[in-house]
Amino acid sequence: QVQLVESGGGLVQPGGSETLSCAASGSIFRIYAWGWYRQAPGMQRELVAAITSTGSTNYIDSVKGRFTIASVNDKNVVLLQMNNLKPEDTGVYYCNADIRTSPGVGPSSDYWGQGTQVTVSS
């Protein structure tokens with residue numbers, strides 16, 4: 001079984017910074033990609049940032065230049081550095097990973113963390 005555990009988050013003032021981390025543990029053969037999603041109240045969950053095992057990154061336009069996603073591959077950890085936070089960044093942030101648990105053929109699977117609240121407010 002695989003678990004993703006997030007840490008970080010909380011109340012941050014506008015313009016402030018916060019780093020979220022997510023650690024994967026369990027039966028992991030390979031992690032193909034990581035993603036950070038967020039869900040604001042009354043809104044659908046959206047992909048904020050993603051990184052592949054080759055280091056390719058992708059961000060939604062609203063966070064470009066402010067957020068940075070990075071993976072620490074030998075530790076099965078992904079980070080989301082968030083700078084210049086805005087009230088519209090408020091939401092529950094979820095870690096996601098595309099993981100193969102054993103070698104061989106067949107698809108990999110998506111795993112999710114439990115979510116961590118980020119509130120940007122003065």
Side-chain angles (χ1 to χ4, degrees):
Q1 192 59 281
V2 173
Q3 277 192 316
L4 301 186
V5 178
E6 296 128 338
S7 60
L11 178 62
V12 185
Q13 289 198 340
S17 297
E18 179 67 17
T19 299
L20 305 180
S21 66
C22 175
S25 62
S27 179
I28 297 170
F29 174 70
R30 185 176 179 186
I31 300 176
Y32 290 100
W34 295 92
W36 282 100
Y37 290 71
R38 71 184 174 198
Q39 188 165 20
M43 304 291 285
Q44 289 193 336
R45 192 175 298 187
E46 63 177 351
L47 177 62
V48 174
I51 186 168
T52 68
S53 59
T54 59
S56 177
T57 58
N58 187 40
Y59 301 90
I60 57 171
D61 287 345
S62 62
V63 308
K64 285 180 179 177
R66 300 189 298 121
F67 289 14
T68 302
I69 187 170
S71 60
V72 186
N73 292 329
D74 61 341
K75 296 187 184 299
N76 293 335
V77 167
V78 68
L79 306 173
L80 184 67
Q81 173 68 44
M82 305 183 292
N83 297 324
N84 190 21
L85 281 161
K86 304 177 180 181
E88 52 263 42
D89 295 318
T90 294
V92 179
Y93 283 69
Y94 296 90
C95 173
N96 170 270
D98 180 17
I99 296 174
R100 179 180 294 281
T101 57
S102 62
V105 299
S108 54
S109 299
D110 260 355
Y111 295 87
W112 292 87
Q114 78 284 2
T116 186
Q117 177 71 44
V118 175
T119 301
V120 184
S121 175
S122 55

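Note that this is a predicted model, so its numbers are computed, not measured. We number each residue from 1, following the sequence as shown.
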Any side-chain to backbone donor/acceptor pair from [X] onto [Y]? Under 3.5 Å, distance only.
{"X": "Y59", "Y": "R66", "answer": "no"}
{"X": "E6", "Y": "C95", "answer": "yes"}
{"X": "T90", "Y": "V120", "answer": "yes"}

From [X] [atom1] over to [Y] [atom2], what is the distance, rounded to the nearest 0.5 angstrom?
{"X": "T52", "Y": "D98", "atom1": "OG1", "atom2": "CG", "result": "11.0 Å"}
{"X": "I51", "Y": "S56", "atom1": "CD1", "atom2": "OG", "result": "8.0 Å"}
{"X": "S21", "Y": "L79", "atom1": "OG", "atom2": "CG", "result": "6.0 Å"}
{"X": "S17", "Y": "N84", "atom1": "OG", "atom2": "CG", "result": "8.0 Å"}
{"X": "L80", "Y": "S71", "atom1": "CG", "atom2": "OG", "result": "12.5 Å"}
{"X": "D110", "Y": "N96", "atom1": "CG", "atom2": "CG", "result": "4.5 Å"}

Do [X] and [Y] come close enough that some side-chain heavy atom pair is under 4.5 Å?
{"X": "T101", "Y": "F29", "result": "no"}
{"X": "L85", "Y": "F67", "result": "yes"}
{"X": "Q1", "Y": "Y111", "result": "yes"}
{"X": "E18", "Y": "T116", "result": "no"}

message = With side-chain contact (heavy atoms from CB on, under 4.5 Å) as the criterion, how do I99 and S108 come out once you've worked through the C-alpha distance, each side chain's angles and the decisive distance to 0.1 Å?
response = CA-CA 5 Å; I99 296 174; S108 54; 5.9 Å; no
request  = Examine W112 and L47 and state if one hydrophobic cluster contains both, with Ile, Leu, Val, Met, Phe, Trp and Tyr joined whenever side-chain heavy atoms are less than 4.5 Å apart.
outcome  = yes
request  = Would you kindly confirm whether I60 and V78 end up in one hydrophobic cluster when ILVMFWY residues are joined by side chain heavy atoms under 4.5 Å apart?
outcome  = yes
request  = Establish, from distance only, whether the side-chain atoms of S122 and Q13 form a donor-acceptor pair under 3.5 Å.
outcome  = no
Polar contact flag, side-chain donor to acceptor under 3.5 angstrom, T119-S121 = no
task = Quick one: closest heavy-atom pair of M82 and Y93, and the distance?
result = SD-CE2, 4.0 Å
ask   = Considering all heavy atoms of both residues, which atom of A24 and which atom of W34 are nearest to each other, and what is their separation?
value = CB-CH2, 3.7 Å
task = Go through V118 and D89 one step at a time and tell me if the side-chain contact (heavy atoms from CB on, under 4.5 Å) criterion holds.
result = CA-CA 8 Å; V118 175; D89 295 318; 5.7 Å; no
key: Enclosure of Q117 CD (heavy-atom neighbours >12, cutoff 6.0 Å)   = yes
message = Show, in sequence, the C-alpha distance, side-chain angles and deciding distance for L20 and R38, and conclude whether the side-chain contact (heavy atoms from CB on, under 4.5 Å) test is met.
response = CA-CA 12 Å; L20 305 180; R38 71 184 174 198; over 6 Å; no
query = Of all residues at least two apart in sequence or in a different chain, which pass the side chain to side chain contact (heavy atoms under 4.5 Å, CB included) check with E88?
reply = K86
